[in-house]
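Report on one structure; see the data block that follows.
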Amino acid sequence: MEEKDLKVLRHSAAHLAAHAILELYPDTLLTIGPATEEGFFYDILPTKNLKEEDLPKVEERMHEISKRNLPIEHKQIPKEEACKIFANNPFKLELIEQIPGETVGLSIQGDFRDLCKGGHVSSTGQIQHFKLTGLSGAYWRANRENQPLQRIHGTAFYSQEELDEYEKKREELIKFDHRRLGKQLDLFSFHDEGVGFPFFHPKGKQIINIMIDFMRNRRRNYNYQEIATPILLSDQLWHRSGHYAYYKENMYFTCVDNQSYAVKPMNCPGAFIVFNTRPRSYRELPLKLAEFGLVHRHELSGALHGLFRVRAFTQDDAHIFCTLNQLEEEITVILKAVFEIYNKFGFKEIELNLSTKPAKAMGTDEMWEKAIKSLKNALDKFDMPYSIQEGEGAFYGPKIDIKIQDSMKRKWQCGTIQVDFFQPENFDLNYVTPQGTFERPVVIHQAIYGSIERFFGILIEHFKGDLPFWIAPIQAKILTITDEQKEYAEKISKELLNAGIRVQLNETSDPINAKIKSTQGERIPWMLVIGKKEVENNTVSLRTLEGVQENGIPLNELLAKAKELNKF
Ligand SMILES: [Zn+2]
Ligand SMILES: [Zn+2]
């Protein structure tokens, strides 16, 4: 069984990489080299940092050592002996000291020795299908105060086919990386003037606006009301909300009129203030306050990753104030919206997780039971499997996490539905019952995109840059065969614009083939080609991004088709 364990193979491959590095760069200090989900890494301290160009050489040496087919031995040795072997390596000495007991594990292949718990294949010859995938920075024991190290990444498989498949997928991921497509398609950029804060260009902002319009449209259908709350709010509020105690490290602070203010990392307290502006009646419940709230969170610069991890983003946040009895109906409606919205973007595989009461929790058992039953009942109404994570809920309420799977089979958690018993207490939220008494509502925190910026990045990769018609920033481009068709092209352009279609005119004098090529490069869904015949017959030729061509379409037919595709 162990023969088939990928972790064993990958950890052995990490030793192989370290072995090769020591043969090539003998003064390198090794630290640790574990297997990961994707492969393995080894953190090293070289005398001179390795470059990407050095990796093929290391790989080649790894193959050589593999061919030597050295047996891999593993034994326990006294700590004293280990300290002698690793006398020149302070990292290994530190590790030896921290291992409990009198002995430590040593792995041996040829003249290469490494400190190790064990779990290897039996000889280097069994490690054949591997690849070094890159270099990055790391710190000793992942602590930024410690020695910076170089991390060498790689992966290994039991067969060449699996490795080939992995590499193909990796190439795809690099090719369709949203950071790369974002530059190519002129959608957004990042700058040193604001590290981790995205700049959206006209076409990128257009896409964001459509995402927001679509969300607004759905929210209208489900009786949400939109609010806007301030970005800067006094420290007092953040003390009350608990963010000061638990989230301070990730917040930005400033001073206004000698008072300390924080840039909001979350929108919830703003919504509670709006709720509390006047007495609320049971008749108003469920009250659904939605906000496109711009939040700022201080992420470590090393953790930033394109639009997937930024320091400022907009949440499609909503807070639903309802009674415990209304919970099931409200969750049902949210789930319905969740499926509609994800499906519209082509996300059909949706994973749902219900997290229940943890050991330490606030509120009565009765409240929890009732809330969890409501969530389950709501989930059961849909033909969607879901899993239950017992005890994984937050201390203040149960939740449903929602993951989507993209076209490259990666899973993303975007949406959350979180029930909250705590903040209604904390912010003294209440409503007047039919009997004239005061009761606390339950709050549901809800987001479907999660971060609009991150969802945008996911969409770009999911569609591999070819956005569908309804969300493409430029939907159609008009290409004339000669300048003689210019007047007719302008007329069509106007009609499409009036119908709400985002259209552009290619006004260059390039030959038609060059025009088609450049439009394809811009990934514009529709090319409207106009020549002499089209002008005479009052038609257009439509060529789609997929290469399907339809000639002689009457203008009104084209407009109807565009309007239909634009619907949401
Ligand atoms: Zn090992
Ligand atoms: Zn919230």
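Counting starts at 1 for both ligands and their atoms, in listed order.
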Check: Near the Zn ion (ligand 2), which protein N/O/S atoms fall under 2.8 Å?
Finding: C268 SG, H319 NE2, H445 ND1

Note to self: Please verify the inter-ring angle class for F382 with F339; under 30° counts as parallel, over 60° as perpendicular, anything in between as tilted.
What the structure shows: perpendicular

Next item on the list: Specify whether H319 and F321 have parallel, tilted or perpendicular ring planes, treating 30° as the upper limit for parallel and 60° as the lower limit for perpendicular.
Entry: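 Judged by the thresholds at 30° and 60°, the geometry between H319 and F321 is tilted.
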
For the aromatic rings, using the six-membered ring if either is Trp, is the centroid distance between [X] and [Y] under 6.0 Å?
| X | Y | result |
| --- | --- | --- |
| Y158 | H129 | no |
| Y244 | F253 | yes |
| H153 | F40 | no |

Next item on the list: For a ring pair (Phe, Tyr, Trp, His ring centres under 6.0 Å) with F455, tell me which candidate from Y449, W412, F308 qualifies.
Entry: Y449

Answer yes or no on whether [X] is positioned over the face of [Y], meaning its NZ or CZ is under 6.0 Å from the six-membered ring centre and within 45° of the axis.
| X | Y | result |
| --- | --- | --- |
| R280 | Y431 | no |
| K288 | Y224 | yes |
| R10 | F157 | yes |

Next item on the list: For the Zn ion (ligand 1), check which protein N, O or S atoms are under 2.8 Å away and list them.
Entry: H11 NE2, H15 NE2, C116 SG, H120 NE2

